[in-house]
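All remarks here apply to the structure that follows.
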Amino acid sequence: MSPSNKISEKNKDFFDQVYQVVRLIPEGKVSSYGAIARYLGSARGARMVGWAMNACMNRSDVPAHRVVNRLGILSGKMHFITPETMEERLKTEGIIVENDKIQSFDEVYWDPAIELEL
DNA sequence: CCGTTGACGCCAT
DNA sequence: TATGGCGCCAACG
């Protein structure tokens with residue numbers, strides 16, 4: 001039906017699930033790729049979440065800046081409009097970022113498996 | 001088809 | 001906490 005699909009429909013479904021979870025991240029909070037992947041049932045699909053973020057970069061409805069790696073490091077900042085965009089957006093939401101790393105990460109960390117708790 | 005790359009994570013040191 | 005090595009999975013050339 002869509003021979004020119006950029007990604008397989010199976011993956012498209014996975015991407016959509018990722019976007020849905022990311023949208024649920026409240027302001028001032030952040031989550032990690034691994035937590036999202038795990039919540040979706042792909043414990044080893046953390047890298048796929050990152051790939052999904054790259055595809056969602058065009059969408060404004062997905063706060064990709066609220067997704068960091070498990071160490072709280074802004075590993076994806078280079079993929080935004082400018083390398084500063086991600087850090088600036090997080091600071092705007094009250095998150096302290098220093099040297100490309102989130103401070104008090106345990107306090108702003110938001111885990112879907114716990115917050116959504118289902 | 002094969003080798004490399006990458007917005008990751010876990011384990012060992 | 002920091003660094004290095006290994007594993008996973010999909011996309012790319």
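Sequence lines set the chain letters: A, B, ... in the order given, protein chains first and strands last, and positions in each chain run from 1. The figures that follow rest on heavy atoms only: side chains count, while hydrogens, waters and symmetry mates do not.
Residue L24(A) qualifies as enclosed at atom CG: its count of foreign heavy atoms under 6.0 Å is above 12. Around atom CD of Q20(A), no more than 12 heavy atoms belonging to other residues, nucleotides or ligands sit under 6.0 Å away.
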Could you give the side-chain donor-acceptor pairs of residues 26-34 of chain A under 3.5 Å, partners two or more places apart or in another chain?
residue, atom, partner, partner atom, Å
K29(A), NZ, E107(A), O, 3.1
S31(A), OG, W110(A), O, 2.9
S32(A), OG, A35(A), N, 3.3
S32(A), OG, Y109(A), OH, 3.2
Y33(A), OH, V67(A), O, 3.3

Nucleotides 6-13 of chain B: protein proximity per nucleotide (B base, S sugar-phosphate only, - neither; heavy atom, under 4.0 Å): BBBSB---

Working for side chain to side chain contact (heavy atoms under 4.5 Å, CB included), residues K101(A) and L74(A): CA-CA 6 Å; K101(A) 183 177 177 186; L74(A) 283 56; 5.9 Å; no

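When rounded to the nearest whole Å, the span between CD1 of I102(A) and P of dT1(C) equals 14 Å. Taking atom CD1 of I73(A) as the reference point, atom C1' of dT1(C) lies 10 Å away to the nearest angstrom.
Ionic pairing of R89(A) and E93(A) is not present here: no N-O contact between side-chain nitrogen and carboxylate oxygen is shorter than 4.0 angstrom.
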